[in-house]
Amino acid sequence: MERFKFLRFFSFRTQLDFLPSSNPVRENLINGANTDTNGELRDGFFSNLVYGFLRRFKSGSKLSSPVRYLEKIDGGSKTEEEEKVYSWLYALARSEIYMAFEYVRSTERGLSFTEAEKRLKENGPNTPLEYTFPSSWHLLWSAFFHPFNIILIVLSALSYITSDNPNGCIMLILVFISVSLRFYQEYGSSKAAMQLSEYVRSPVKVQRCAGRVVQTELIVQVDQRDVVPGDIVIFEPGDLFPGDVRLLTSKHLVVSQSSLTGESWPTEKTADAREDRNTPLLELKNICFMGTNVVSGTGTGLVVSTGSKTYISAVFSTIGKHKPADSFEKGIRHISYVLVGVMLLVVTIIILVEYFTFYDLSESTLFGISVACALTPQMLPLIINTSLAKGALAMARERCIVKSLSAIRDMGSMDILCIDKTGTLTMNRAIMVNHLDSWGAPREKVLHFAFLNSYFKSDQKYPLDDAILAFVYTNGYRFQPSKWRKTDEIPFDFMRRRVSVILETESNPEGRNIQPFYRFIITKGALEDVLKVCSYVENVDMGEITAVSAEHHHRILNVVEELRNEGLRIIGVAIKNLQQTKISKQNMENEDDVESDMVFLGVIAFFDPPKDSAKEALWRLAEKGVKAKVLTGDSLSLAIKICKEVGIRTTHVTTGPELEQLNQEAFHEKVKKATVLARLTPSQKLRVVQSLQSVGNHVVGFLGDGINDSLALDAANVGISVDSAASVAKDLADIILLEKDLNVLVAGVEQGRLTFGNTMKYIKLSVIANLGSVVSLFIVTLVLRFEPLTPIQLLVQNFLYSVGQIAIPWDRMEEDYVKIPQKWSVKSLPMFILWNGPVCTLCDVATLLFVWFYYSSGGKLDESFFRSAYFIQGLLMQTLIFHLIRTEKIPFIMEIASWPVLASTVVISAIGIAIPISIIGDFMGFTDLPLSYFGFLVVLFVGYFTVGQIVKRIYIMVYKKWL
């Protein structure tokens, strides 16, 4: 080991000499990372590189302000963590293999067991994320610590102190319901990122060296969590890469990167490639990434990054940190703070006035607490959660699972829906559409041999085979496969990307019967790989077979390029007459000899058709002000083809590599205009969503189902996934669709706007009525020099009023309201209160003046009489005001509330009128009222609705035109 340490030190110094001093990679890898935050050197070159990144990542700190949130959205550039990972991987991709060993302080024999154990202690277990999830107590505290909950608890405590036990108990029950609902929501979705560990739970073959004098290489199997930087891994089909790997050797290696890119088609990798900085990171041929898997081929690789230092961790470490602040919740908190300030001021003044009038501190305090209770919208948490739960049940009937109740409300505000085309806009299955020769003309012969290949292949039938067979059967072709006999088959693999069958027939399909039987090899597969084995091309019109020339090759590629630009998927078809080539039986066993000098016949074109419901659903969403943007990892041409089919404009399109080159301002402008964004990486999807949210001020929904969609799902205001999605996508989603049908989202948008509208009705109602009531109480107290309502009368009035509001979630919304996205407006609510609040206070003052001048005797007013009159007028005012503010139209004439709301209004009003003349009224200190007073109330409320309607129309005109 002493020798190993010496060599390691020598290698490290040599590495510095090899890198030029002006190389930016050298500055990023060495100078920028050799010291930690304390300026101390850390042991190990790789540790120096990522030490600062790890400290930031492990802290799990979240963005604490909008400024910091915007700093993360820096156009096409990357986050600090990603930039460090990118620099490290690009340096390795551009280096020779021997330099890669120098970078990670390893040798061609691998690490010793002792060194591997040491590095495991230094770097920790090889797990992709080191995210500390909030504990149950933390979530419970977050659910509890809400302004209205604190207000209710304080008032409840004061109520118990003043022996007002029923009121205190009611407020505690409301707090319990609110906290329980919120805790249940957040606890169920707090562990989504843990699902990423599924992608590295497998044993790994590692080459280690052993021996003190003579070291011997050993192949051992270790758990993926024990793999460390510097290990040499051996992989074969089906294996997962345990970290970011620099390839050392490769043989026909094909890797699936769908977990990162979303593209289902695998990519070839080779150890001999030398890359440059202009190559997109995920397209590097000599780098394999943690979380991807081997489809075919074999090889060895040097592990260069593990755990939280890998690319997948740098990308997905942001899960849970990019959710934008909920404007609705922020608005509720602002209202809470305003009400607390008003309550403290008004209640303090009322208690002081009461005390200096009656010199009874206990009675004055009790009255002040009662006023505070009246000012507090106690039903707000219950109304909000009831509205959301009602919306969730409605969406459940549309085959949706709503995980986060607040997502219902956010869907009402959503104005942009970002979707991945695969399986959402399309049927996610191939349909054959054409069969063309090398000149682009339809040829039945091409279809004939493609059919025979698909019919006789015994290997697994793929969707393209089913599409070919379905096309032949449904279009009435009679190719008589019974006249053919299969003698051999070369199955499909991802290295060759083609499949061949060898068939015999007694009749020559080419028209000349001069032999007892004819043997053909029929090959179909990826166009480029079929062309590789073709030396000839058939010209059907001239009836001859000619050698493939550069002109032929160029023409075929042009034909295929036109087809691909139309969004079609292409495979090539070729044949060879084995009788004419006289291949020996020994050569038949050699695939390369058999699949050579073939005749290229033409191509078969396939299309993944759009769903019948997609175009209608997108049109319905557009009618409701929700614009669709396609964010996909697929090719641009295919995305454009699908979008044209479903009615999405393709005037402005872009790709991930193009976005990567843009500065911040250009990036935001491009995202704003583009409707189709293709070839996007997971982090680019995240930045697109963030740009729309922060710069465009949009409420964004994202519909995705893959691992590559997880970041965008987490950052979107409304994350939507499907039942068949990857587990991490479902865990991060707010809504899960049991069917991939966009029409369900149309219903969700409508339900969200209904929920948002009814919630805003209650907020407007409670703020206007409560503030107006408290201001009136204060004025009346100053004028009459006695309490306008006793504490018990005030609490009963507030209780009846609160019970009547329970029906609000079952109210309907106007048709025009659900046609446009509804958002919390910072200006709208205060302006609405300023315009409409004084009208309520004026009605209360009018009641005071009427009772004073009409029913007083000798300048004195009976307290019981006034309290009876004031109790009924206040309760009816608070009950009927809802009908004025719930609509912009004339209430009861042009627009009528739902029957639950009407029933609630009638019942509460009847109870309020009956209480003063009942036995309960005697107990509460009420007295009977003359009929003339009720006549006054009729006139008062007619006048109130008239004045209120005029004020409302002026407010709407002023607000919409100038504000």
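In this text, all values refer to a predicted model and were calculated from it rather than measured experimentally. Position 1 is the first residue of the sequence; numbering continues from there.
By the 4.5 Å heavy-atom criterion applied to side chains, M411 and I735 are counted as neighbours. Side-chain contact between L618 and R620 is absent, with no heavy atoms from C-beta onward closer than 4.5 Å. Residues K685 and F702 have side chains in contact (heavy-atom distance under 4.5 Å, counting atoms from C-beta outward). Annotation: side chain of L659 is in contact with side chain of L680 (closest heavy-atom distance under 4.5 Å). Between L711 and D714 the shortest side-chain heavy-atom distance does not fall below 4.5 Å. Counting heavy atoms from C-beta outward, S683 and T681 have side chains that approach closer than 4.5 Å. By the 4.5 Å heavy-atom criterion applied to side chains, V626 and I416 are not counted as neighbours. At least one side-chain heavy atom of I419 sits less than 4.5 Å from a side-chain heavy atom of V630.
Between S454 and I468, the closest heavy-atom pair is OG-CD1, 3.6 Å. N717 and D410 get closest at one heavy-atom pair: O-OD2, 3.6 Å.
Of the possible polar contacts, one joining the T675 side chain to the R649 backbone as a donor-acceptor pair under 3.5 Å is found. Between the R812 side chain and the A897 main chain, a donor and an acceptor come within less than 3.5 Å of each other. Although no hydrogens or angles enter the test, the distance criterion places a donor-acceptor pair under 3.5 Å between the side chain of Q257 and the main chain of L282. Counting only distance, with no hydrogens or angles, the side chain of Q693 and the backbone of A715 share a donor-acceptor pair below 3.5 Å.
Comment: E645 does not engage K615 in a salt bridge, judged by the lack of any side-chain N to carboxylate O separation of less than 4.0 angstrom. Ionic pairing of R886 and E814 is not present here: no N-O contact between side-chain nitrogen and carboxylate oxygen is shorter than 4.0 angstrom. One finds no salt bridge joining R569 and D608 here, because no Lys/Arg side-chain nitrogen approaches an Asp/Glu carboxylate oxygen to under 4.0 Å.
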Inset, instruction - Assess whether salt bridge (Lys or Arg N to Asp or Glu O under 4.0 Å) is satisfied between K624 and E750, documenting all intermediate values. - result: CA-CA 9 Å; K624 298 185 181 303; E750 294 174 347; 3.1 Å; yes
Inset, instruction - Check the pair L677 / T655 against side chain to side chain contact (heavy atoms under 4.5 Å, CB included), numbers first and verdict last. - result: CA-CA 5 Å; L677 300 95; T655 63; over 6 Å; no
Inset, instruction - List the steps, then state whether side chain to side chain contact (heavy atoms under 4.5 Å, CB included) holds for L686 with V689. - result: CA-CA 5 Å; L686 168 66; V689 170; 5.6 Å; no
Inset, instruction - Might you work through the side chain to side chain contact (heavy atoms under 4.5 Å, CB included) test for D811 and K761, ending with a clear yes or no? - result: CA-CA 10 Å; D811 193 19; K761 288 177 188 176; 2.6 Å; yes
Inset, instruction - Decide yes or no on side chain to side chain contact (heavy atoms under 4.5 Å, CB included) for V402 and D734, but give the supporting numbers first. - result: CA-CA 6 Å; V402 179; D734 302 307; over 6 Å; no
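Between the side chains of H883 and T905, a donor-acceptor pair is found at a separation under 3.5 Å. A donor and an acceptor atom, one from each side chain of T654 and E658, are located under 3.5 Å apart.
Stacking of K641 on the aromatic ring of F607 is recorded, both the 6.0 Å distance cut-off and the 45° axial limit being met.
By the 30° and 60° cut-offs, the orientation of the rings of F471 relative to Y477 is parallel.
No more than 12 heavy atoms of other residues, nucleotides or ligands lie within 6.0 Å of NZ in K627, so this atom counts as exposed by the packing criterion.
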